[in-house]
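First comes the structure, then the notes that go with it.
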Amino acid sequence: EFHFGPCHVEGVALLELWKAFGAMKDIVVTQDKIMSVRLLKQEVFQNVSDAESCYLAHELLKFYLHTVFKDYYHKVVEFKIMKSFSTLANNLFVIMSKLQPRQENETVSIRESAHRRFLLFWSAFKQLNTEAALTKAFGEVDILLTWMGKFYRH
Amino acid sequence: DPGAVVPAPQNLSVHSANMKHLLVWSPVILPGETVHYWVEYQGEYESLYMSHVWIPSSWCSPTPGPECDVTDDITATVPYRLRVRATSGPRASAWSALKPPFNRNSTLLLPPRMAVRKDGSHLVIELEDLGPQFEFFVTFWRKAPGAKEHAKVVRSVGFPVYLGAMEPGAVYCVKARALVRAIARRSAFSQAQCVEVQGEALPL
Amino acid sequence: MPKPTNITFFSINMKNVLQWNPPEGLHGIELTYTVQYFIYGQKKWLSKSECRQINRTYCDLSTETSDYEHQYYAKVKAIWEANCSEWAETERFYPLLETQIGPPEVALAASEKSISIVLTAPEKWKRNPEDPTVSMQQIYSSLNYNISVYNTKSKRMWSQFVTNHTLVLSWLEPNTLYCVTVESFVPGLPGHTQPSQQCVSTLKDQTSTLKVK
């Protein structure tokens, strides 16, 4: 299960996410021609505290599910990878739904710190044209899963 | 009759045990015609974010019989909407949808089948292979008053797993239950199986 | 002029070697190759001087790709006299996910009825022998082992899942050859590891030899 600081998430096997993404990776990553831009830069995840991790995971997953996955679906159909996509999307949806980051006052500074990290990613995303940004973000799911894997307890 | 409407399949239901999920329905009878069925599914993500999207089932697009193994399609612990339609030649029925949607956390978990053996003075267990999502919580104890119960989580299946060393002349018993973390549930314990070690300790 | 083919990284314990095949149809011609690499998210292709106009069909880029949390591309072109081919490029290479974890070191010590097993995770590649050693365990903290024990006499095998580094097999049969296979794996990560196998014989049963005397 995942332990993003105080947020625990059961019911998702990380290996299943890797298998699903692995089935899509070659097709998707080769579409990304902009090598000089990395959206999930190391600064986004550098020294993330446990407390921050729940907020950052929730915000990233929400963006991926609401925007990247939804708006990239026409490519998913084109590449005929709907099944693997569905496995990945539904399992990430389970994680996002179960992450209930606390919203009390004393967590304001942690939330803001996590949000600044998210904005690093989001601003880089906004600088690219939409299609390129969606392709790059989807191709970087391995970077996202690698970071999430650091909070996975087997 | 080529113009006749193909009736939609009825009585959809899912039979699910040990994380194997079978969608079944009543067959559509069209005398003199060959009927095929097409199954599609949608997870909660698709239902919420792109409800127009339906994904063809891995094994039943199409299928001749009135059932479909959807195990490989149900790959997250969320409600899945499933639908079926019948076709005969170019004609197709309306879609019939499973109600309510199916969630794999409702699967029936059965106590695992196991074989308990002694290898010399070692207690060894072999558990049936139920798939990658299964682990087994195994407890074993020496059959003697006040004996302590030992526990072990076993992940390897299909070949013997070492549990512990046994003392000569003693009886040891084992029971196991299945654990599926993906749905955060476990089965009932199996019946205990016991083995006896002869007087002189025979090494492995 | 055709490009080199099958350009890939071969990576084990973070030793990352770029390898390729010569261009098709140019066998027997004295070709040389030049390699460049790119750190994903940075600005330009970089050269490795030791892999400029080389004859061999591989280039060790371990130093250049040692930050395993980065991702990389590499490319190679063939040169013959005044001609040179287009660049042939790799897929995006992610050492953290794609390196193979080599077999653990397995130390076996046998007595009459027991075998003690001590496992040591493989070492990460290092540039110089004097550099400090980094264990692959430090990179993959949840590195676990599955140990299978096979009695060559009774032809029986059983396995055991181990999270730490030592295990003592007791109540074994004296004077018997046991083969121990160790597979490492990282739960939650795809990836492939290499098993290692070693055999050791338990000692003769001293009590029976005394009786014989």
Side-chain angles (χ1 to χ4, degrees), chain A residues 1-3 9 12-48 84 88 91 95 120-121 124 127-128 135-154, chain C residues 6-9 11 14 36-46 64-75 87-101 136-146 161-164 183-193:
Chain A
E1 55 198 47
F2 290 92
H3 291 194
V9 176
V12 175
L14 182 55
L15 198 53
E16 297 304 317
L17 304 191
W18 276 116
K19 282 184 200 164
F21 182 70
M24 303 186 278
K25 178 177 176 175
D26 287 346
I27 302 169
V28 170
V29 172
T30 45
Q31 307 297 315
D32 178 6
K33 306 300 182 190
I34 309 170
M35 292 154 54
S36 58
V37 173
R38 171 171 161 164
L39 302 179
L40 289 170
K41 303 184 240 295
Q42 287 192 311
E43 300 87 298
V44 174
F45 296 128
Q46 208 125 45
N47 308 322
V48 172
S84 300
L88 187 62
N91 277 285
I95 297 171
L120 275 178
F121 160 79
Q127 279 165 31
L128 298 176
T135 299
K136 183 171 281 299
F138 196 82
E140 291 189 2
V141 162
D142 55 359
I143 298 175
L144 178 61
L145 291 180
T146 300
W147 175 67
M148 290 170 64
K150 292 176 179 172
F151 302 90
Y152 188 69
R153 304 290 173 269
H154 185 75
Chain C
N6 297 331
I7 175 167
T8 57
F9 275 97
S11 176
M14 301 293 182
Q36 290 189 339
Y37 66 96
F38 192 102
I39 301 172
Y40 178 53
Q42 298 194 5
K43 292 310 173 202
K44 55 186 168 68
W45 287 93
L46 304 170
E64 293 73 18
T65 57
S66 57
D67 182 340
Y68 47 79
E69 298 225 348
H70 266 300
Q71 299 186 336
Y72 304 89
Y73 294 87
K75 62 183 181 183
W87 291 102
E89 213 171 283
T90 66
E91 304 281 346
R92 196 149 83 202
F93 170 61
Y94 197 0
L96 189 65
L97 292 188
E98 295 175 47
T99 199
Q100 259 190 77
I101 298 174
M136 293 296 275
Q137 181 90 49
Q138 290 167 257
I139 298 170
Y140 303 95
S141 56
S142 57
L143 185 63
N144 287 324
Y145 302 100
N146 200 36
F161 169 69
V162 172
T163 51
N164 49 24
E183 264 182 298
S184 49
F185 67 95
V186 181
L189 260 191
H192 14 82
T193 62

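Any value given below was found using the heavy atoms of this structure, including those in side chains, with hydrogens, waters and symmetry copies removed. Proteins get letters first, then strands, A, B, ... in listed order; numbering begins at 1 in each.
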Item to check | Structural part of Leu17(A) lying under 4.5 Å from a heavy atom of chain C | outcome: neither

Checklist entry - Between atom NE2 of His70(C) and atom CD of Gln42(A), what is the distance when rounded to the nearest 0.5 Å? => result 4.0 Å

Next on the checklist: Run the side-chain contact (heavy atoms from CB on, under 4.5 Å) test on Met35(A) and Ile39(C) for me, step by step, so that the C-alpha distance in whole Å, both residues' side-chain angles and the decisive distance to 0.1 Å come before the verdict.
Outcome noted: CA-CA 8 Å; Met35(A) 292 154 54; Ile39(C) 301 172; over 6 Å; no

Checklist entry - Among Ile143(A), Asp26(A), Ile34(A), who wins on heavy-atom pairs under 4.5 Å with chain C? => result Ile143(A)

Checklist entry - Side chain, backbone, both or neither: which part of Gln71(C) has an atom under 4.5 Å from a heavy atom of chain A? => result both

Next on the checklist: The test is side-chain hydrogen bond (donor to acceptor under 3.5 Å, both in side chains); show your working for Thr146(A) and Tyr94(C) and say whether it passes.
Outcome noted: CA-CA 11 Å; Thr146(A) 300; Tyr94(C) 197 0; 3.2 Å; yes

Next on the checklist: Does Arg92(C) form a side-chain contact (heavy atoms from CB on, under 4.5 Å) with Thr30(A)? I'd like the steps, not just the answer.
Outcome noted: CA-CA 8 Å; Arg92(C) 196 149 83 202; Thr30(A) 45; over 6 Å; no

Checklist entry - Taking Tyr152(A), Trp18(A), Phe45(A) one by one, which has the highest count of heavy-atom pairs under 4.5 Å against chain C? => result Trp18(A)

Next on the checklist: Test salt bridge (Lys or Arg N to Asp or Glu O under 4.0 Å) on Lys150(A) and Glu69(C); report intermediate values, then the result.
Outcome noted: CA-CA 12 Å; Lys150(A) 292 176 179 172; Glu69(C) 298 225 348; 2.9 Å; yes

Checklist entry - Taking NZ, NE, NH1 and NH2 as the nitrogens, is one of them in Lys33(A) or Glu89(C) under 4.0 Å from a carboxylate oxygen of the other? => result no

Item to check | Main-chain N/O of Ser36(A) paired with Lys43(C) side-chain donor or acceptor, under 3.5 Å | outcome: yes

Item to check | Glu91(C), part contacting chain A, at a heavy-atom distance under 4.5 Å | outcome: side chain

Checklist entry - Looking at NZ of Lys25(A) and CG of Leu97(C), how far apart are the two atoms once the value is rounded to the nearest 0.5 Å? => result 6.0 Å

Next on the checklist: If I measure from the heavy atoms of chain A, does Tyr40(C) come under 4.5 Å with its side chain, its backbone, both, or neither?
Outcome noted: both

